[in-house]
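Here's the structure we're looking at; comments come further down.
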Amino acid sequence: MGFNIGDFVFQLIMFVLLFGMIFAVYFFVRSLLARLNKSNSIEQKLDRVIELLEKDKRE
């Protein structure tokens, strides 16, 4: 049984690609959730501004 450098390089590249795909999915989901959370925060602020404007209009 000999040590083949080509097999080692191939396995290394495959592991890097596998972990790269896992990290890509993780960061994609994380950024998607952050974007949704940010839009919810903006909606809440806009709702608050609208409430204040309606309250000011009534007075």
Side-chain angles (χ1 to χ4, degrees):
M1 287 205 157
F3 179 73
N4 191 346
I5 193 77
D7 290 340
F8 176 74
V9 171
F10 178 77
Q11 289 295 325
L12 185 64
I13 291 171
M14 289 299 116
F15 280 125
V16 168
L17 287 176
L18 178 66
F19 287 121
M21 284 189 271
I22 291 170
F23 282 120
V25 169
Y26 169 75
F27 285 116
F28 175 74
V29 170
R30 195 174 113 186
S31 69
L32 195 65
L33 291 175
R35 193 176 302 152
L36 289 174
N37 191 20
K38 190 175 184 180
S39 71
N40 287 341
S41 174
I42 291 172
E43 287 178 16
Q44 289 174 351
K45 289 177 184 178
L46 285 174
D47 288 342
R48 178 71 179 140
V49 169
I50 290 170
E51 287 175 13
L52 290 173
L53 288 173
E54 288 175 352
K55 182 180 175 185
D56 190 42
K57 196 183 226 183
R58 283 186 240 138
E59 293 177 355

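What's counted below: heavy atoms across the whole structure, side chains too, no hydrogens, waters or symmetry copies. What you see is a predicted model; the values in this text were computed from it and never measured. Positions are given from 1, in the same order as the sequence printed here.
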Gap between atom [atom2] of [Y] and atom [atom1] of [X] - 0.5 Å precision:
X   : Y   : atom1 : atom2 : value
Q11 : L18 : CD    : CG    : 11.0 Å
R58 : L53 : CZ    : CG    : 11.0 Å
D56 : E54 : CG    : CD    : 11.0 Å

Find out if a path of hydrophobic residues (ILVMFWY) with successive side-chain heavy-atom gaps under 4.5 Å connects [X] to [Y].
X   : Y   : value
F23 : V16 : no
V9  : L17 : yes
F8  : M14 : yes

